[in-house]
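Only one structure is covered here, and it is reproduced in the block below.
Note on naming: letters A, B, ... go to the chains in the order of the sequence lines (proteins, then strands), and numbering restarts at 1 for each one.
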Number of protein chains: 2
Amino acid sequence: MSHTPGARQAQKEQTRQALLDAGLQLLDRQSLSSLGLREVTRAVGVAPAAFYRHFPDMAALGVALVGEALGSLHAVIRDALAGGQDAEDLIDRTVAVTAAYVDEHRAHIRFIARERYGGVQPVRAAIAAELGRFTDEVAAGLAPQPASAGWSVADLRVLAGLYVDHMVLTAAAIMEVPEDDPAAREEITRAARLRMQIISLGRSHWAERGA
Amino acid sequence: MSHTPGARQAQKEQTRQALLDAGLQLLDRQSLSSLGLREVTRAVGVAPAAFYRHFPDMAALGVALVGEALGSLHAVIRDALAGGQDAEDLIDRTVAVTAAYVDEHRAHIRFIARERYGGVQPVRAAIAAELGRFTDEVAAGLAPQPASAGWSVADLRVLAGLYVDHMVLTAAAIMEVPEDDPAAREEITRAARLRMQIISLGRSHWAERGA
DNA sequence: TCATTCAGTAAACAGCTGTTCGCCGAGTCT
DNA sequence: AGACTCGGCGAACAGCTGTTTACTGAATGA
């Protein structure tokens, strides 16, 4: 096999991952455009020049982090959409899943929220592309539902985008709440559920909208 | 008068404004956390040390920019809310006003979108505070409308937050579209109007929501 | 008119940055 | 066993960074 790991590639992959981990950790308190190459290699305990064996740029490391952060999310979305038919339950579950995801991937979520409109163009583009893919997925999941009768394909994609943006906003809001303040956190999730209810209500009355 | 400008204070204010302008321009392609003090003073044509006569920090300059960017928005919001009663017209007008505002204050809007979840804590806090104030204003504007019957004060604030977040999202989306692509821009504003319609529809059917 | 205030200066500080270079030595392939 | 690949190293490069210092000179106020 040509792509059997081998001790060689395994070591390389390990260093690469260490660079990603250190970068993500350092991005807790700053944006990607101010993250230094030496800063990252120093945190890993490796020579500055070693960085170039893995990434040509800081931007490239950022793009790799986007993949890490949003790659594992597709399964989550599928689960959220597939579940029971009751709209109220579905909303509760979606918000709960989002909250749990933030807890497990706090640093990644912060990175996405921070760099979505951040100063590094390739990273912004990578995030936009990934979120666009999510929107397509959500739209595809919405289409077969009975509540989608009377919706054009284009309009359904707009609705899906509304859901996706709302999910990102909710994740960012949960992330910003201090961990030791469960009351504030409950307030955030309550608002998130309410927002989803408003949107879903608008969706279900779409057919009867007037002038 | 002790606070009459005087040639002295006028000159100082002028330099301060030049620092803000240069900073904002440089932030077109990077985030605040990577903006250098010398970079800004160089662009203005002033000695590095002069910076400290106006701001203790880059963070302080950032906070001042938040005020600049969002201070002039209150009047716009008031206008948008006050207008005609017809829901459809109100939506069209709101989106149009938002688009126009982006054109006039492109750099400021980019700054807000970029730093809302950016790496500089005091700036994030300033933006959150200002947006919170907007939310209160919108909630207060919504309350007296007939469509707000059956809404609790707390829920109205959540709805207002939804509108505000949606406005910021729309502004950011318009800002990202290239200026020489009116078709893409029309697509964005169409989606923005559609989103507002969904939300408004949900709002007006709030009373009859079920389990 | 004379003393005071203070925005802006020039220079120096130590310390950091990204990038290139040739070299080493362990893992790999034949 | 021998040739080769290639991830990581250490050193050097020019150039940049924020911050402090003592200063100048014009606007100010008595």
Side-chain angles (χ1 to χ4, degrees), chain A residues 1-27 29-65 118-123, chain B residues 1-27 29-65 118-123:
Chain A
M1 299 286 179
S2 70
H3 57 289
T4 296
R8 197 60 194 254
Q9 287 210 342
Q11 286 283 355
K12 175 165 184 177
E13 187 56 36
Q14 198 173 323
T15 308
R16 191 188 123 102
Q17 193 58 50
L19 288 169
L20 287 168
D21 292 349
L24 188 64
Q25 189 186 315
L26 289 165
L27 285 170
R29 296 191 135 80
Q30 63 186 315
S31 323
L32 184 62
S33 76
S34 68
L35 181 60
L37 177 155
R38 297 183 100 106
E39 205 178 341
V40 175
T41 56
R42 195 186 312 127
V44 172
V46 99
F51 183 89
Y52 295 103
R53 302 288 185 200
H54 303 275
F55 307 101
D57 263 338
M58 259 307 162
L61 183 142
V63 170
L65 279 177
V120 184
Q121 198 274 331
V123 173
Chain B
M1 296 284 179
S2 70
H3 58 292
T4 295
R8 198 61 195 256
Q9 287 209 345
Q11 286 283 355
K12 173 164 185 179
E13 186 56 37
Q14 197 174 323
T15 308
R16 190 187 125 103
Q17 193 57 51
L19 288 169
L20 287 169
D21 292 349
L24 188 64
Q25 189 187 314
L26 289 164
L27 285 170
R29 295 191 135 82
Q30 63 186 314
S31 322
L32 184 62
S33 77
S34 67
L35 181 59
L37 176 154
R38 297 182 98 104
E39 206 176 342
V40 176
T41 55
R42 194 185 315 126
V44 173
V46 98
F51 184 89
Y52 296 103
R53 301 289 184 200
H54 303 275
F55 307 101
D57 261 342
M58 259 307 161
L61 183 142
V63 170
L65 279 178
V120 184
Q121 199 273 330
V123 172

Among [options], the nucleotide that comes nearest once only the side chain of [X] is considered:
{"X": "A:Arg38", "options": "D:dT28, D:dG10, C:dT19", "value": "C:dT19"}
{"X": "A:Thr15", "options": "D:dG8, C:dG8, C:dT9", "value": "D:dG8"}
{"X": "A:Ala49", "options": "C:dT9, C:dA26, C:dT20", "value": "C:dT20"}
{"X": "B:Leu37", "options": "D:dG7, C:dG27, D:dT19", "value": "D:dT19"}
{"X": "B:Val46", "options": "C:dT9, D:dG7, D:dA26", "value": "C:dT9"}
{"X": "B:Glu39", "options": "C:dT9, D:dT17, D:dT28", "value": "D:dT17"}
{"X": "A:Ala47", "options": "D:dG7, D:dA26, D:dG10", "value": "D:dG10"}
{"X": "B:His54", "options": "C:dA12, C:dT19, C:dG8", "value": "C:dG8"}

Between atom [atom1] in [X] and atom [atom2] in [N], what is the gap in whole Å?
{"X": "A:Gln9", "N": "D:dG7", "atom1": "CD", "atom2": "P", "result": "9 Å"}
{"X": "A:Asp57", "N": "C:dG18", "atom1": "CG", "atom2": "P", "result": "11 Å"}
{"X": "A:Gln17", "N": "D:dG7", "atom1": "CD", "atom2": "C1'", "result": "17 Å"}
{"X": "B:Lys12", "N": "C:dG8", "atom1": "NZ", "atom2": "P", "result": "8 Å"}
{"X": "A:Phe55", "N": "C:dT19", "atom1": "CZ", "atom2": "P", "result": "14 Å"}
{"X": "B:Met58", "N": "D:dT17", "atom1": "CE", "atom2": "C1'", "result": "12 Å"}
{"X": "A:Gln11", "N": "C:dG27", "atom1": "CD", "atom2": "P", "result": "8 Å"}
{"X": "B:Arg8", "N": "C:dC6", "atom1": "CZ", "atom2": "C1'", "result": "5 Å"}

To the nearest 0.5 Å, what is the distance between CG on B:Leu19 and CZ on B:Arg53?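 B:Leu19 CG to B:Arg53 CZ: 13.0 Å, rounded to 0.5 Å.
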For C:dT20, does OP1 or OP2 lie under 4.0 Å from any side-chain N or O of A:Tyr52?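 No.
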Are B:Arg42 and D:dT17 close enough that a side-chain N or O sits under 4.0 Å from OP1 or OP2? yes
B:Phe51 near the nucleic acid: base, sugar-phosphate alone, or nothing, with a heavy-atom cut-off under 4.0 Å?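 The answer is nothing, as B:Phe51 stays clear of every strand by at least 4.0 Å.
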Could you check whether any side-chain N or O of A:Thr41 sits under 3.5 Å from a backbone N or O of A:Phe51, counting only pairs where one atom can act as donor and the other as acceptor? no
Do B:Arg53 side-chain and C:dC6 base share a donor-acceptor contact under 3.5 Å?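 Absent.
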To check you understand the geometry: which heavy-atom pair defines the closest contact between A:Met58 and A:Val40, and what is its length?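 Between these two residues, the closest heavy atoms are CE-CG2, 3.3 Å.
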Determine the minimum heavy-atom distance between A:Glu39 and A:Ser34, stating which atoms define it. OE1-O, 4.0 Å
Please list all pairs passing the side chain to side chain donor-acceptor pair (under 3.5 Å) test where one or both residues lie in residues 11-22 of chain B, with sequence neighbours left out.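 Checked against side chain to side chain donor-acceptor pair (under 3.5 Å) - neighbours excluded - the pairs reaching residues 11-22 of chain B are B:Gln17-B:Asp21, B:Gln17-B:Glu68.
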